[in-house]
Amino acid sequence: GENVEQHPSTLSVQEGDSAVIKCTYSDSASNYFPWYKQELGKRPQLIIDIRSNVGEKKDQRIAVTLNKTAKHFSLHITETQPEDSAVYFCAVEDRDDKIIFGKGTRLHILP
Amino acid sequence: AAGVIQSPRHLIKEKRETATLKCYPIPRHDTVYWYQQGPGQDPQFLISFYEKMQSDKGSIPDRFSAQQFSDYHSELNMSSLELGDSALYFCASVPGPGHDTQYFGPGTRLTVL
């Protein structure tokens, strides 16, 4: 089955700096890659997603890049703000349409 | 806009008791997924339903069962509860085949004492 690896597990960045979270996956047939932000005790919130026919997608301060050949995709957050502090999960939709999550990255935005 | 509804939001049970969690998908969504998220863990897929039929099964214990009803709501039944079942249980709904985005409910926090 699909295997998703996410790094780093914890990330601290100064407010205003950029944060990058990276994920790899194993099944070349996967073609949908969502990113979720989860605050403590809350539901995962979809923040951006990308499909395999696109290499990059941007939404304001958030961007995702996808390299299908290398089977990796990354989340980029620019001009980080305190409210960006949360756990971020990358995910891959497997060939059976279920979402396989990475282990998560706890992002701390330092004042 | 209507969102996914889960009930109850919090549930406390004793070991060996039974629990039933309910999920009401967004109107006109016919596909439901259940996930279990332990403390500090990523959500783990349990089971999914499409048009009232089980479509896929993940790491769901035999003590758990689920079904989807004619109004598309789904229930997760958990018997012989164990301490390790304490977790957040999310359901997510999807409009149907060909749609990728899963819309998550607020979750049910189950605590087993």
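Residue numbers begin at 1 in each chain, while the letters A, B, ... track the order of the sequences.
A donor atom on one side chain and an acceptor atom on the other are not found under 3.5 Å apart for Thr18(B) and Ser79(B). Under the 3.5 Å distance criterion, with hydrogens and angles disregarded, a donor-acceptor pair is assigned to the side chains of Asp42(B) and Gln44(B). Side chains of Glu51(B) and Gln68(B): a donor-acceptor N/O pair is absent below 3.5 angstrom, by distance only. Side-chain N/O atoms of Glu5(A) and Asn3(A) include a donor and acceptor closer than 3.5 Å. Side-chain contact check for Thr20(B) and Asn77(B): at least one donor-acceptor pair (N or O, by modelled atom type) lies under 3.5 Å. Ser26(A) and Glu2(A) share a side-chain donor-acceptor pair at under 3.5 Å.
Residue contact with chain B, scored on non-hydrogen atoms closer than 4.5 Å, involves the backbone and the side chain of Pro44(A) alike. Looking at Gln6(A), there are no atoms closer than 4.5 Å to chain B (heavy atoms on both sides), in backbone or side chain. For a residue to count as touching a neighbouring chain, one of its non-hydrogen atoms must lie under 4.5 Å from one of that chain's; by this rule Lys42(A) touches chain B with the backbone only. Within the 4.5 angstrom heavy-atom criterion, only side-chain atoms of Arg51(A), from C-beta onward, approach chain B. With a threshold of 4.5 angstrom between heavy atoms, Gln41(B) approaches chain A through N, CA, C or O but not through any side-chain atom. The part of Phe45(B) that comes within reach of chain A is its side chain, from C-beta onward, which places non-hydrogen atoms under 4.5 angstrom from that chain. Both the backbone and the side chain of Asp100(B) come within contact range of chain A, judged by heavy atoms closer than 4.5 Å.
Relative orientation of the Tyr103(B) and His29(B) rings is tilted, given thresholds of 30° and 60° on the angle between their planes.
Contact residues of residues 67-102 of chain A toward chain B are Phe89(A), Glu93(A), Asp96(A), Asp97(A), Lys98(A), Ile99(A), Phe101(A), Gly102(A) (heavy-atom distance under 4.5 Å).
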TODO: Take Tyr32(A) and Thr101(B) through the side chain to side chain donor-acceptor pair (under 3.5 Å) test and state the conclusion after the steps.
DONE: CA-CA 9 Å; Tyr32(A) 176 64; Thr101(B) 303; 3.2 Å; yes

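Heavy-atom minimum distance, Ser93(B) versus Val4(B): OG-CG2, 3.4 Å.
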